[in-house]
Amino acid sequence: EAPLVESGGGSVQAGESLRLTCVASGYAFGVACMGWFRQVPGKEREAVATIFNGGVGTYYADSVKGRFTISQDNAKKVLLLQMNSLEVEDTAMYYCAAARYLALECYSGPTARSFGYWGQGTQVTVSS
């Protein structure tokens, strides 16, 4: 069983919204830090939004602040990313990630190499 499974990607027009969902299996949930990363060909995977300890702390990339919201439903073992006012620059493969013991870095500047669990990715394409 895959530890993290994403869904919700798709193709939309600029200004529209999408909601990404990540369902975690038992051992990939209950970790300290979960989040969403994105990657475009030829570039490094970058953190979009992360959540620490169920919401004690959050991190958002400057480019998505005010437009994206990350949330976690512990009962359903689900991580969500609500993406509003999408821009062409948001086009990327989006990945759900989890890190069992990550604390301060989780909400102060997370990097992909600190996360040990990854989903397979879901494509988001925004056209003008």
Side-chain angles (χ1 to χ4, degrees):
E1 181 181 8
L4 300 168
V5 179
E6 308 98 331
S7 63
S11 296
V12 297
Q13 297 286 319
E16 295 183 342
S17 299
L18 281 174
R19 188 176 73 168
L20 303 184
T21 299
C22 173
V23 179
S25 64
Y27 66 90
F29 207 81
V31 297
C33 182
M34 295 192 73
W36 293 93
F37 286 73
R38 66 187 181 187
Q39 188 171 24
V40 297
K43 293 190 175 182
E44 292 188 358
R45 193 168 294 187
E46 63 171 359
V48 175
T50 54
I51 186 166
F52 171 68
N53 199 17
V56 172
T58 57
Y59 166 88
Y60 291 94
D62 288 343
S63 59
V64 307
K65 284 180 180 177
R67 300 187 297 120
F68 290 12
T69 302
I70 190 170
S71 60
Q72 192 172 10
D73 184 333
N74 289 332
K76 298 181 179 179
K77 298 182 179 180
V78 170
L79 182 73
L80 301 172
L81 183 69
Q82 179 66 42
M83 305 186 295
N84 298 329
S85 302
L86 281 161
E87 302 171 353
V88 173
E89 292 75 21
D90 295 319
T91 296
M93 184 70 78
Y94 283 72
Y95 297 90
C96 178
R100 184 165 297 280
Y101 303 113
L102 200 64
L104 178 61
E105 182 186 332
C106 182
Y107 54 90
S108 64
T111 57
R113 63 177 178 268
S114 297
F115 289 73
Y117 300 104
W118 291 92
Q120 80 288 352
T122 185
Q123 178 67 37
V124 172
T125 302
V126 184
S127 57
S128 59

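Since the model is a prediction, treat every value here as computed from it, not as a measurement.
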Exercise for review: Report yes if some heavy atom in the side chain of C96 is under 4.5 Å from a heavy atom in the side chain of M34; otherwise report no.
Suggested key: yes
Practice item. State, to 0.1 Å, how close M93 and Q123 come at their nearest heavy-atom pair, and which atoms those are. Key: SD-N, 3.5 Å
Check your understanding: Looking only at heavy atoms, which two atoms of A14 and S128 are closest? And how far apart?
Key -> CB-CA, 4.4 Å
Review point. Does any non-hydrogen side-chain atom of L18 lie less than 4.5 Å from one of V124?
Key: yes
Practice item. Quick one: pull up CD in Q72 and SG in C22 and give me the separation to the nearest 0.5 Å. Key: 9.5 Å
**Study point:** Side chain proximity check, W36 to T50, heavy atoms < 4.5 angstrom
**Key:** no
Exercise for review: Can you see which heavy atom on P110 is nearest to which on F115, and at what distance?
Suggested key: CB-CE1, 3.9 Å
Review point. For T111, does its backbone N or O pair with a side-chain atom of E105 as donor and acceptor, under 3.5 Å?
Key: yes
**Study point:** Worked verdict on Q82 versus S17 for side-chain contact (heavy atoms from CB on, under 4.5 Å)
**Key:** CA-CA 8 Å; Q82 179 66 42; S17 299; 4.0 Å; yes
**Study point:** Within-4.5 Å side-chain heavy-atom neighbours: R38 and R45
**Key:** no
Review point. Nearest 0.5 Å, what's the OG1-CG distance between T125 and D90?
Key: 11.0 Å
Revision key, fill the gap. Shortest non-hydrogen pair, A92 vs V40, comes out as CB-CG1, 3.6 Å
Review point. Less than 6.0 Å separating the ring centroids of F52 and Y107?
Key: yes
Review point. Does T122 use its side chain to pair, donor to acceptor, with the backbone of S7 at less than 3.5 Å?
Key: no
Exercise for review: Go through the side-chain N and O atoms of T21 and E6 and say whether any donor and acceptor fall under 3.5 Å apart.
Suggested key: no
Point to revise | Smallest separation among heavy atoms of L80 and R19, with atom names | key: CD1-NH1, 4.2 Å
Study note, to complete from the structure: Distance col, row S11:OG vs L86:CG, nearest 0.5 angstrom, shows 11.5 Å
**Study point:** Donor-acceptor contact below 3.5 Å, side chain T91 vs main chain V126
**Key:** yes
Point to revise | Plane angle bin for Y95 and W118 - parallel if under 30°, tilted between 30 and 60°, otherwise perpendicular | key: perpendicular
Study note, to complete from the structure: All heavy atoms of C106 vs all of Y59, minimum pair found to be O-CB, 3.7 Å
Check your understanding: Looking just at side-chain N and O atoms, do R67 and Y60 make a donor-acceptor pair shorter than 3.5 Å?
Key -> no
Exercise for review: Spell out, yes or no, whether F37 and V23 are grouped together once hydrophobic residues are joined by side-chain heavy atoms under 4.5 Å, including indirect joins.
Suggested key: no
Exercise for review: Establish whether L20 and V48 are linked, either directly or via other cluster members, by ILVMFWY side-chain heavy-atom contacts under 4.5 Å.
Suggested key: yes
Review point. Do M83 and L79 share a hydrophobic cluster (ILVMFWY, side-chain heavy atoms under 4.5 Å, transitive)?
Key: yes
Review point. Relative to each other, are the rings of Y94 and F68 parallel, tilted or perpendicular (30° and 60° limits)?
Key: tilted
**Study point:** Neighbour count >12 (heavy atoms, 6.0 Å) for atom CD, E44
**Key:** no
Check your understanding: Cluster question for you: counting only ILVMFWY and a side-chain heavy-atom cut-off of under 4.5 Å, with indirect links fine, are L102 and V31 together?
Key -> no
